[in-house]
S.K.: 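Dropping a structure here in structure tokens format, bear with me for questions.
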Amino acid sequence: MNESEIIKSINEIGIAKVENFLDNENLNMVEKILSKQKSIKNSEDAFLYRSKGNFFLKKLLYFKFFKFIKCLKMTNLSKKLKLQELSRKINGGQTKLVSIDSYYSKKSTNKVIDWHVDQAYSGKLNPTRILDPDHTVIKFFVYLTDVGPDNGSLGYIPGSNKILYYLKLGIFNKDIKYKPYWRLEDLRNLIQENDYKNYLEAKIDKRFVSNFLEQSHFITTDFQDTKKYDYELKKGDALIFDEAGVHRGAAPEKNDRLVLRFVYKDINTPEN
Ligand SMILES: [Fe+2]
């Protein structure tokens, strides 16, 4: 996929697969840095860079030279790969790099994470601040192990990012009330309620709503999952996606999974 195909794919369905995202030289460098990386998601150790809290400076101040070098190498890699530029083109406006981290999942029969929506207040009943849907988050998932269906693959419901954009817009503008939608099941139930369905159908083509209901029907079945939206990737490939869409991480049944993530946000997104 070339750059314009990536941008087109993300604008249309929310996600794009890029083969050989890292060439051999970059892959070797990253593998060296992450070879002993077994930190679980969101643990302090998993972060290679963070925009908040003077991350970079603190590593120097506290004589964490190894971490400082790792941080430098990773931010340099993001520059070399022109990720800022690409995320800006996808977003249609300026973006900022907010974090680089690793995401390690041990071989298991349990899903890495079930079908869900990011930026959905973890399903809280009363979130304190409602997020602006224009504060887009673009994620680069760079795989350092092979993945596929039943093996740590990311599934993404194509086009679901559009449903979520308008749902969030309605909530942000107080045209519709907030109700939890972090879980796909809750989201599905919510948009079948008249107020929400009518609102969405006035904003986007009716077919989008009915398509989404069809695409997400699997969550109401006994299996509560599908392999239909899974991506098969080789080590060094990447998925780039709009975080707003519905996604899940399949169980890494065959081997441990290691992902390097670069997260870019719209420049106007508040820090916390
Ligand atoms: Fe997520």
Side-chain angles (χ1 to χ4, degrees), residues 9-10 13-18 39-43 46-48 50 83 87 90-91 95 97-106 108 110-124 127 130-133 135-145 147-165 167-168 171 178 180-188 190-191 212 215-216 218-219 224-231 233 237-252 257-266 269 272:
S9 179
I10 300 175
I13 61 164
I15 188 163
K17 172 182 163 178
V18 186
S39 310
I40 52 162
K41 185 174 78 152
N42 292 339
S43 64
F47 282 98
L48 295 145
R50 257 179 155 171
L83 301 188
S87 65
I90 294 165
N91 183 36
T95 57
L97 172 64
V98 291
S99 66
I100 306 173
D101 71 349
S102 66
Y103 190 157
Y104 172 77
S105 313
K106 218 172 164 38
S108 166
N110 296 326
K111 280 179 209 166
V112 171
I113 189 162
D114 216 337
W115 290 97
H116 69 282
V117 177
D118 290 329
Q119 293 184 54
Y121 320 101
S122 307
K124 273 184 203 142
I130 296 295
L131 302 169
D132 182 338
H135 293 160
T136 312
V137 180
I138 308 291
K139 277 185 174 162
F140 294 77
F141 264 49
V142 186
Y143 290 86
L144 299 167
T145 50
V147 291
D150 288 330
N151 195 30
S153 153
L154 182 105
Y156 189 101
I157 300 183
S160 54
N161 55 319
K162 292 209 171 94
I163 298 276
L164 264 306
Y165 176 82
L167 178 73
K168 287 175 182 175
I171 295 169
Y178 166 80
Y181 58 85
W182 187 87
R183 293 168 64 234
L184 174 56
E185 217 175 337
D186 294 338
L187 172 67
R188 219 182 112 80
L190 189 64
I191 68 170
F212 177 73
Q215 288 169 312
S216 58
F218 67 87
I219 204 76
Q224 295 194 320
D225 204 353
T226 179
K227 294 172 193 171
K228 208 172 161 185
Y229 311 119
D230 276 333
Y231 284 88
L233 296 109
D237 294 349
L239 286 175
I240 309 172
F241 61 97
D242 173 356
E243 192 188 53
V246 180
H247 55 279
R248 72 101 174 74
R257 189 189 85 159
L258 185 61
V259 184
L260 170 67
R261 309 191 298 177
F262 295 87
V263 180
Y264 287 82
K265 287 186 180 173
D266 182 276
T269 313
N272 282 307

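Quick caveat: nothing in here was measured; it's all calculated off a predicted structure. Atoms within each ligand, like the ligands themselves, are counted from 1 in listed order.
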S.K.: Kindly say whether I15 contributes a backbone atom to a donor-acceptor pair with the side chain of S9 at under 3.5 angstrom?
M.R.: yes
S.K.: Can you sort out the partners of D132 under salt bridge (charged side-chain N to carboxylate O under 4.0 Å, His left out), two or more places apart, ordered by chain and number?
M.R.: none
S.K.: Hey, which N, O or S atom on D118 ends up closest to the Fe ion (ligand 1)?
M.R.: OD1
S.K.: State which residue, out of F241, Y103, Y264, fulfils the ring pair (Phe, Tyr, Trp, His ring centres under 6.0 Å) condition with F140.
M.R.: Y264
S.K.: Counting backbone and side chain alike, does E243 bring an N/O/S atom below 2.8 Å of the Fe ion (ligand 1)?
M.R.: no
S.K.: What N/O/S atom of H247 gets nearest to the Fe ion (ligand 1)?
M.R.: NE2
S.K.: Kindly state each residue pair satisfying side-chain hydrogen bond (donor to acceptor under 3.5 Å, both in side chains) with at least one member in residues 242-252, sequence neighbours excluded.
M.R.: H116-H247, D118-H247, Q119-E243, K139-E243, N161-D242, D225-R248, D230-R248
